[in-house]
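Computed over heavy atoms, backbone and side chain alike; hydrogens, waters and symmetry mates excluded.
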Amino acid sequence: MTLSYGRQWINEDDIAEVVKVLRGDWLTMGPTVDAFEESLAEYAGVKHAVTFSSGTAALHGAMYAAGLGSGDFAATTALTFVATSNSVIYTGATPIFADIDDTFCMNPAEAERTIESHGGHVKAIIPVSFAGYPFEIEPFRKLADKYSAVLIEDASHAFGGDRGNHKIGFDADMTTLSFHPVKHITTAEGGAVLTNNDNYARRLRMFRNHGTTRNESEFVDEAPGPWHSEMQELGYNYRLSEVHCALGLSQMKRLDEFVARRREIAEMYFSQLAGVEGLTLPPEKSGHAWHLFIARVKDELHGEFFAYLRDNDIRLQVHYRPVPLQPYYRKKYGYKAGDFPQAEKYYRQAVSLPIYPLMTDDDVLRVCGVIKNFAWR
Ligand SMILES: *Cc1c(COP(=O)(O)O)cnc(C)c1O
């Protein structure tokens with residue numbers, strides 16, 4: 001059987017919950033959306049959870065709520081999925097990038113350097129808990145305070161992880177999640193923003209629903225009758241349906257189990273692969289959510305190693321090519337090879353091994369066996 005780097009785990013309960021919604025009265029913006037949002041907020045210990053049609057839409061919402069617009073800068077990491085910085089561009093603002101440190105997350109000193117080189121004008125700082133690694137929040141909180149920026153954590157890789165003695169979800173001013181099938185829980189497509197800030201939550205809810213509100217206390221005009229609603233800002237249709245939320249709500253029951261299993265698999269990799277010369281294992285930290293298990297091999301073996309595992313029915317991935325070096329970013333902003341040496345070095349060496357809760361111990365041992373048999377030299 002082919003193993004890939006990640007996949008969902010749908011059980012009969014999940015299917016039954018989705019079918020129940022399909023037989024009911026509400027297909028969108030009904031009680032299941034509310035229940036899923038409550039479940040997310042309660043899990044993370046945060047006041048508001050606002051769902052979106054994708055993790056990317058959730059990021060766009062967070063950038064909007066933070067007030068980003070044309071002429072603004074937002075600082076993020078060179079090593080992330082393109083959605084993180086694309087969402088900045090959607091608002092008309094300009095993303096600026098910082099190199100990574102040896103946790104693979106944004107290097108706070110590099111972030112400060114980038115911000116300073118743009119005159120200290122930064123409206124949002126967006127670190128990513130990369131692969132599920134809960135980066136140190138304090139240095140970024142200090143930067144956000146220093147530059148009066150909104151701190152947004154892209155926690156698409158880290159839902160269910162812990163920072164200190166609490167769940168990831170409220171350390172930043174807003175925390176975004178993705179429910180894509182490879183993430184910790186899935187709604188097929190979907191995402192959410194977590195926040196303790198009432199004003200951000202209000203803006204996020206408007207933004208995902210065409211910029212409209214039915215909340216009387218927010219009306220600008222006098223209401224001629226109970227049908228009255230107002231479009232006050234330009235928003236989008238970024239709603240997540242009842243069907244998707246039914247799946248998400250059902251998956252939430254197993255989130256802790258999913259994360260625990262990911263941690264077990266990571267432990268197995270560490271113990272099985274510790275002695276393999278030529279293979280570098282990823283940075284560890286308690287609270288790690290292990291969305292990805294990223295090993296590194298020497299530059300000159302990278303292609304060969306990748307192909308060899310493919311030949312053995314193990315479909316690796318490389319997460320990710322540094323975003324500013326993508327053709328669109330090079331052309332638009334003039335970035336070039338050598339601008340982000342740490343992220344580029346990482347990219348020449350990284351491979352994401354299979355890790356997902358449905359993997360059996362035998363699957364993990366098979367991957368380790370294949371890796372040990374590679375012609376290391
Ligand atoms: C998955 C992911 C997203 C959001 O992706 P969607 O597919 O839109 O849900 C954003 N940022 C990172 C780092 C991701 O891995």
Measure across [X] and [Y] and return the closest heavy-atom pair with its distance rounded to 0.1 Å.
X	Y	answer
A58	L177	CB-O, 4.2 Å
S129	A155	OG-CA, 3.7 Å
I185	G248	CD1-O, 4.2 Å
L358	R7	CD2-NE, 4.1 Å
F36	C245	CD2-SG, 3.7 Å
P322	A343	CG-O, 3.7 Å

Is the closest side-chain donor-acceptor distance between D198 and H48 under 3.5 Å?
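Yes.
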Verify the distance criterion only: is there a donor paired with an acceptor across the side chains of T213 and E218 at less than 3.5 Å?
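Distance-only check passes for T213 and E218.
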Name all residues meeting the salt bridge (Lys or Arg N to Asp or Glu O under 4.0 Å) criterion together with R321; count only those two or more places apart in sequence or in a different chain, and write none if there are none.
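Testing R321 for salt bridge (Lys or Arg N to Asp or Glu O under 4.0 Å), a comparison that skips the adjacent residues, returns none.
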Quick one: are the ring centres of [X] and [Y] less than 6.0 Å apart?
X	Y	value
W290	F159	no
H210	Y236	no
H118	F73	yes
F340	Y335	yes
Y5	H319	yes
W9	Y356	no
Y133	F104	no

Considering only heavy atoms from C-beta outward, does the side chain of [X] approach that of [Y] to under 4.5 Å?
X	Y	value
V318	H302	yes
L292	L353	no
I152	D173	no
D154	F81	no
L273	L281	yes

Does [X] reach the main-chain N or O of [Y] with its side chain, forming a donor-acceptor pair under 3.5 Å?
X	Y	result
N215	S217	yes
H184	A289	yes
R208	R203	no
R348	D299	no

For residues 60-68, which side-chain donor-acceptor pairs fall under 3.5 Å, sequence neighbours excluded?
| unit_1 | atom_1 | unit_2 | atom_2 | d |
| --- | --- | --- | --- | --- |
| H60 | ND1 | Y238 | OH | 2.8 |
| Y64 | OH | E233 | OE1 | 3.0 |

Please identify each residue that fulfils side chain to side chain donor-acceptor pair (under 3.5 Å) with Y320, with sequence neighbours left out.
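If we apply the side chain to side chain donor-acceptor pair (under 3.5 Å) test to Y320, skipping adjacent residues, the hits are H157.
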Partner residues of T186 under the side chain to side chain donor-acceptor pair (under 3.5 Å) criterion, sequence neighbours left out:
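Listed in chain order: nothing, the list is empty.
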According to a hydrophobic-cluster definition based on side-chain heavy atoms being under 4.5 Å apart (Ile, Leu, Val, Met, Phe, Trp, Tyr only), do [X] and [Y] belong together?
X	Y	answer
M174	V50	yes
V128	L143	no
L59	F140	no
L194	I168	no
F293	F374	yes

Has E42 got more than 12 heavy atoms of other residues, nucleotides or ligands less than 6.0 Å from its CD?
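Check fails, neighbour count at 12 or below.
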Does atom CZ of R141 have more than 12 heavy-atom neighbours, drawn from other residues, nucleotides or ligands, at distances under 6.0 Å?
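Counting neighbours around CZ of R141, more than 12 heavy atoms of other residues, nucleotides or ligands fall under 6.0 Å, so yes.
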Got a salt bridge between [X] and [Y], using NZ or NE/NH1/NH2 to carboxylate O under 4.0 Å?
X	Y	value
E110	R113	yes
R205	E37	yes
K183	E189	no
K142	D145	no

Which pairs would a plain distance check flag for residues 15-35, meaning a side-chain donor or acceptor within less than 3.5 Å of a matching protein atom at least two apart in sequence or in another chain?
| unit_1 | atom_1 | unit_2 | atom_2 | d |
| --- | --- | --- | --- | --- |
| E17 | OE2 | K20 | NZ | 3.3 |
| T32 | OG1 | E242 | OE1 | 2.7 |

First locate atom [atom1] of [X], then atom [atom2] of [Y], and finally report the distance between them rounded to the nearest 0.5 Å.
X	Y	atom1	atom2	answer
L279	I371	CG	CD1	6.0 Å
W376	K298	CH2	NZ	8.5 Å
N209	R239	CG	CZ	5.0 Å
E112	Y147	CD	OH	4.0 Å
I96	D72	CD1	CG	11.0 Å
T76	N86	OG1	CG	11.0 Å

Test R366 against D363 for salt bridge (Lys or Arg N to Asp or Glu O under 4.0 Å), laying out the working first.
CA-CA 5 Å; R366 182 167 88 78; D363 291 334; 5.5 Å; no
Begin from the C-alpha positions of Q342 and N107 and carry the test side chain to side chain contact (heavy atoms under 4.5 Å, CB included) through to its verdict.
CA-CA 10 Å; Q342 296 309 315; N107 181 334; over 6 Å; no
With side-chain contact (heavy atoms from CB on, under 4.5 Å) as the test, pick out the partner of Q251 among I10, N11, T187, D13.
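The passing option is I10.
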Cation-pi check for F135 against R163: NZ or CZ below 6.0 Å from the six-membered ring centre and within 45 degrees of the axis, yes or no?
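The answer is yes, since R163 meets both limits relative to F135.
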T195/N197 under side-chain hydrogen bond (donor to acceptor under 3.5 Å, both in side chains): CA gap, chis, key distance, verdict:
CA-CA 5 Å; T195 185; N197 181 302; 5.3 Å; no
Filter on side-chain hydrogen bond (donor to acceptor under 3.5 Å, both in side chains), then keep only pairs touching residues 259-275, sequence neighbours left out; what's left?
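For residues 259-275: D162-R263, R261-E264, R261-D361, Q272-K372.
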